[in-house]
Amino acid sequence: MKLVSVETPEKSVCKMTFSASAEELEAASNAVYERTRATYTIKGFAKGEADRAQIEADRGEHTFWYDAINDLMDKDVPALYDAAMAEHGFHAVDEPVYDLVSVKKDEGFVATATTALQPELSLTQTTGFKTECVTPEVTDKEIDAVLERRRAMAAELVPHKGPAVKGNIVHIDYEGLLEGKPFNGGTAQNQTLQLGSGRMIPGFEEGILGHKGGEEFDIFVTFPARYHVKDLAGKPVVFKIKLHDVCVRQLPALNSDFAKKAANVDTMDEFRAQIRQQLHDNKHAAALNRAKDAILTQLAAAAEGELPSVLVESAYQQEMEQIQQQLQMQRLSLDRYLSQIHQTRESFTAAVRTAAEKNTRARMALLQIAQNENLVPTEEDIDKTLSERAERTKKTLEEVKAASNVEAMRRNEGIRRAADYVIEHSTIEEK
């Protein structure tokens, strides 16, 4: 491969173009074929027996191109990229974004690497910012809520002789029968189930209500029409139940015994005071973080100059990915979340992009401060960090360094140190 050109399509953005010849693409494609041929099953051939022409006739001539392109890029581009960056005196502040421009069998391929470069910002102020740290009061209601959670954690299961009702905890064996025969996943022993939790399919938990510990009985239910196991969806089944026991969750009394067991203090007043302090400390820590963020927001406002568009876009995409991941954990789609907070997609994404721009501006300002104040880690600092990592992972320093993005480490640590520096030389007034 070779470097074709180095351009700066906009301020603080570098775009490099690389190319590989048809011969290079063909050799790399053949290497991919040799490496992966055993995985292909082509009609009329046993697995791994089809040759390259037969595989490409079935799957397309491009079958091996993209792995071949990745192999060539991984092998040749890093050295070409680093040499070009050094020759032009460019300083990257993010990883390059690669794009495939064209690929043809008789011409090879062309790819680009677009990189955000460190912008030159005019810092009208770097220290002496002022903000307030307002810590909300801890309410008795909040303390009561913590106590109830602690009680729930300390609750004991006590056998109940009466019939099962919603909220009871039961221990059961069950066997599911479809048309008189057991089915996969339908049998379990000594399962703990809270009645009314909705954990089981509709009708299952309701079928246990009214029964007492020691009873054996059948439950007749029908799987939901959209059940994830297609063979069971919409089918009527019978569950044979053995109800070992019915238990109630008994909460401890809020007295000195509970205080001693839960918090190692003598009285409930001391326990409440302990919780109050913990809640206050948490609220203060959160308020202090907000105040520090406010300082950095002021720094961003004092940093004038154009930012690389690709850097802001990268920060925006990362922020949107994090939001999507958080929503997935809550089993929420973005559209449903937006309906809950009464926002349009356009206004929400605009707000995220604005925040990404602000955070990027603050980071670039901090990087500039780190360089101006000699806060960027030295080679010795980096080697010390990597040596500690090597010791933890039982690897050599050379192995860890080869697998690490040293320049990103240097940037991020410099930014972290600069943030501490700016905050230490500013004023946060406690309220």
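Heads up: numbering here begins at 1 and tracks the sequence. Both backbone and side-chain heavy atoms feed into the values below; hydrogens, waters and symmetry mates do not.
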side-chain contact (heavy atoms from CB on, under 4.5 Å) between Thr135 and Lys431, intermediate numbers included: CA-CA 7 Å; Thr135 304; Lys431 290 283 188 178; over 6 Å; no
In terms of heavy-atom contacts, does [atom1] of [X] have more than 12 from other residues, nucleotides or ligands at under 6.0 Å?
X: His91; atom1: NE2; value: no
X: Glu388; atom1: CD; value: yes
X: Asn405; atom1: CG; value: yes
X: Gln340; atom1: CD; value: yes
X: Phe183; atom1: CZ; value: yes
X: Glu156; atom1: CD; value: no
X: Asp335; atom1: CG; value: yes
X: Gln278; atom1: CD; value: yes

Please determine if [X] and [Y] form a salt bridge, counting it only when a charged side-chain N lies under 4.0 Å from a carboxylate O.
X: Glu26; Y: Lys104; result: no
X: Asp71; Y: Lys75; result: no
X: Glu306; Y: Lys11; result: no
X: Arg35; Y: Asp67; result: no
X: Glu56; Y: Arg52; result: yes
X: Glu142; Y: Lys283; result: yes
X: Asp269; Y: Arg276; result: no
X: Asp51; Y: Arg37; result: no
X: Arg353; Y: Glu313; result: yes
X: Glu413; Y: Arg411; result: no
X: Lys43; Y: Asp58; result: no
X: Arg410; Y: Glu407; result: yes

Please evaluate residues Arg389 and Ser404 with respect to the criterion side-chain hydrogen bond (donor to acceptor under 3.5 Å, both in side chains), reporting the C-alpha separation (whole Å), side-chain torsions for both, the decisive distance (0.1 Å), and the verdict. CA-CA 10 Å; Arg389 188 181 298 175; Ser404 302; 3.3 Å; yes
Under 3.5 Å donor-acceptor, [X] side chain and [Y] backbone:
X: Glu430; Y: Glu132; result: no
X: Arg361; Y: Ala303; result: yes
X: Gln326; Y: Ile323; result: no
X: Glu24; Y: Leu72; result: no
X: Gln250; Y: Ala155; result: no
X: Ser314; Y: Leu311; result: no

Evaluation steps, side-chain contact (heavy atoms from CB on, under 4.5 Å), between Ile69 and Leu100: CA-CA 9 Å; Ile69 290 169; Leu100 183 62; 4.0 Å; yes
Going by distance alone, is a donor N or O of one side chain under 3.5 Å from an acceptor N or O of the other, for Glu357 and Thr360?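 Distance-only check fails for Glu357 and Thr360.
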Are Thr39 and Thr36 close enough that a side-chain donor and a side-chain acceptor fall under 3.5 Å?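 No, no side-chain donor-acceptor contact under 3.5 Å.
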Please report the closest heavy-atom contact between [X] and [Y], naming both atoms and the distance.
X: Val6; Y: Met16; result: CG2-CG, 4.2 Å
X: Leu178; Y: Asp231; result: CD2-O, 4.3 Å
X: Leu251; Y: Ala152; result: CD2-CA, 3.8 Å

Are [X] and [Y] side-chain neighbours, meaning at least one heavy-atom pair lies under 4.5 Å?
X: Ser19; Y: Met1; value: no
X: Ile55; Y: Thr63; value: yes
X: Val13; Y: Thr8; value: no
X: Arg59; Y: Ile42; value: yes
X: Glu304; Y: Thr124; value: yes
X: Leu307; Y: Leu121; value: yes

Quick one: pull up [atom1] in [X] and [atom2] in [Y] and give me the separation to the nearest 0.5 Å.
X: Gln194; Y: Leu157; atom1: CD; atom2: CG; value: 9.5 Å
X: Ile428; Y: Arg290; atom1: CD1; atom2: CZ; value: 12.0 Å
X: Asp381; Y: Glu379; atom1: CG; atom2: CD; value: 9.5 Å
X: Phe90; Y: Cys14; atom1: CZ; atom2: SG; value: 5.0 Å
X: Cys247; Y: Asn168; atom1: SG; atom2: CG; value: 8.5 Å
X: Gln325; Y: Gln330; atom1: CD; atom2: CD; value: 12.5 Å

Yes or no on side-chain contact (heavy atoms from CB on, under 4.5 Å) for Phe129 and Leu296, after CA distance, side-chain angles and deciding distance? CA-CA 9 Å; Phe129 300 106; Leu296 299 181; over 6 Å; no
Run the side-chain contact (heavy atoms from CB on, under 4.5 Å) test on Leu386 and Ile382 for me, step by step, so that the C-alpha distance in whole Å, both residues' side-chain angles and the decisive distance to 0.1 Å come before the verdict. CA-CA 6 Å; Leu386 293 177; Ile382 295 294; 3.8 Å; yes
Begin with the C-alpha distance, continue with both residues' side-chain angles, and end with the deciding distance and a verdict on side-chain hydrogen bond (donor to acceptor under 3.5 Å, both in side chains) for Thr115 and Tyr81. CA-CA 10 Å; Thr115 308; Tyr81 172 86; 3.2 Å; yes
Please test Phe271 against Phe258 for ring-ring contact (aromatic ring centres under 6.0 Å, His included), starting from the C-alpha separation and ending with a verdict. CA-CA 9 Å; Phe271 193 6; Phe258 177 60; 5.8 Å; yes
Test side-chain hydrogen bond (donor to acceptor under 3.5 Å, both in side chains) applied to Gln368 and Gln118, step by step: CA-CA 9 Å; Gln368 200 163 310; Gln118 183 173 350; 4.7 Å; no
Aromatic rings Tyr421 and His425: how do their planes relate, parallel, tilted or perpendicular, breaks at 30° and 60°?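 Ring orientation of Tyr421 relative to His425: tilted.
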Can you check whether Tyr98 and Phe18 have ring centres sitting under 6.0 Å from each other?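 No, they do not, as the ring centres are separated by 6.0 Å or more.
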May I ask you to check whether Tyr174 and Phe204 place their ring centers less than 6.0 Å from one another?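 Ring-ring flag for Tyr174/Phe204: true, centres closer than 6.0 Å.
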Salt bridge (Lys or Arg N to Asp or Glu O under 4.0 Å) for Asp257 and Lys261? Distances and angles first, verdict last. CA-CA 6 Å; Asp257 289 338; Lys261 288 180 181 179; over 6 Å; no
